[in-house]
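Here's the structure, in structure tokens; my notes come after.
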Amino acid sequence: MTITFITGANKGLGRETARRLIECGHTVLVGARNREQGEEAAAALCARYVPIDVTDDASVAAAAANVAEQEGSIDVLINNAGVHGPVGDPSDLTAADARAIFDVNVIGVVRTTTAFLPLLRRSDDPLIVNVSSGMGSLALTHDPSRPESHVVAPLYTSSKAALTMLTTQYAKALKGIRVNAADPGYTATDLNGHSGPQTVTEGTDAIVALATEGSSAGTGRFVSRHGEIPWSS
């Protein structure tokens, strides 16, 4: 049975991804910083809750140790935890603002991936899915027909651009482990005040597709619910 660990799985895209993968037969570990919300989500989904704060080295190490003791390995790591940050005029942005966003969206992925790599390497078909965004695409954010072009969110967009590049680097370097990125699209979640036109189920289509495809599907890909997105976009 496929064992899948998802960060930020207590709500939104992470929780819906967990629900759908459980329906597909995965054993899902709900990773979340908020214990009350994490335990509630795990109980509702018939999953197991694992405390994890992706901004804290000790918390991430403890989560990996917890899974090593209980499950022994994982097959899929979904780096879903993310924050949005300030929107609009960047004149007042501070270094502290930038650190807060990048610490979750980029550095948190590095922390979690490094800690869980030993568990992934025990799998016959290890996979990492990074939940990125078309908001980090140069082409999409400059295309007036796309909703991505009408939002000014300097730290979120730049962090997601960094995450897509990080994905390509992991894909090149981690032999035997597939590493892909998903673009959920503009989905109604807490991250955007539920303003997105897509349902949370539609927003998880790409994530679930990547998490359930066969081992021959490839690595280093950026996928939306409509298909692959060229990296040059």
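Predicted, not measured: the structure shown is a model, and the values here were computed from it.
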Can you measure from [atom1] ([X]) to [atom2] ([Y]) and round to the nearest 0.5 angstrom?
| X | Y | atom1 | atom2 | value |
| --- | --- | --- | --- | --- |
| Thr164 | Met135 | OG1 | CE | 13.0 Å |
| Asn130 | Asp183 | CG | CG | 13.0 Å |
| Asp124 | Thr2 | CG | OG1 | 10.5 Å |
| Ile107 | Leu163 | CD1 | CG | 12.0 Å |
| Met165 | Tyr170 | CE | OH | 14.0 Å |
| Leu210 | Leu127 | CG | CG | 7.0 Å |

If you define the side chain from C-beta out and look only at heavy atoms, does anything of [X] sit under 4.5 Å from [Y]?
| X | Y | value |
| --- | --- | --- |
| Leu166 | Val110 | yes |
| Val109 | Val106 | no |
| Ile78 | Thr4 | yes |
| Val83 | Tyr156 | no |
| Thr27 | Ile22 | no |

Output yes when a side-chain donor or acceptor of [X] lies under 3.5 Å from a complementary backbone atom of [Y], and no otherwise.
| X | Y | result |
| --- | --- | --- |
| Lys11 | Gly8 | no |
| Lys160 | Val131 | yes |
| Asn180 | Gly218 | yes |
| Thr199 | Glu202 | yes |
| Asn80 | Thr7 | yes |
| Ser132 | Ala182 | no |

Please determine, by modelled atom types, if Ser123 and Asp125 share a side-chain donor-acceptor pair under 3.5 angstrom.
-> no
Say whether Arg48 and Asn66, considering side chains only, have a donor N or O and an acceptor N or O under 3.5 Å apart.
-> yes
Should we say atom NE2 of His142 is surrounded by more than 12 heavy atoms from elsewhere, each under 6.0 Å from it?
->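 Result for NE2/His142: open.
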Name all pairs fulfilling the side chain to side chain donor-acceptor pair (under 3.5 Å) condition that reach into residues 104-113, sequence neighbours left out, sorted by first residue then second.
-> Asp57-Arg111, Asn79-Thr113, Asp103-Arg111, Asn105-Ser159
Given the rule in the side-chain contact (heavy atoms from CB on, under 4.5 Å) test, do Ile3 and Leu29 qualify, once you have shown the distances and angles that lead to the verdict?
-> CA-CA 8 Å; Ile3 301 173; Leu29 306 177; 4.2 Å; yes
Before giving the answer on side-chain contact (heavy atoms from CB on, under 4.5 Å), spell out for Phe116 and Ile74 the whole-Å C-alpha distance, their side-chain angles and the decisive distance to 0.1 Å.
-> CA-CA 8 Å; Phe116 279 81; Ile74 63 170; 3.7 Å; yes
With sequence neighbours excluded, tell me which residues meet salt bridge (Lys or Arg N to Asp or Glu O under 4.0 Å) with Arg33.
-> none
Check ion pair Arg122-Glu71 (N to O, under 4.0 angstrom) =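 A salt bridge is absent here (no side-chain N lies under 4.0 Å from a carboxylate O).
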Mind jotting down which residue pairs meet the salt bridge (Lys or Arg N to Asp or Glu O under 4.0 Å) criterion with at least one end in residues 15-26? Sequence neighbours excluded, please.
->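 Residue pairs with at least one partner in residues 15-26: Arg15-Glu40, Glu16-Arg19, Arg19-Glu23, Arg20-Asp205.
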Might you work through the side-chain contact (heavy atoms from CB on, under 4.5 Å) test for Leu174 and Ile128, ending with a clear yes or no?
-> CA-CA 10 Å; Leu174 295 177; Ile128 298 170; 4.3 Å; yes
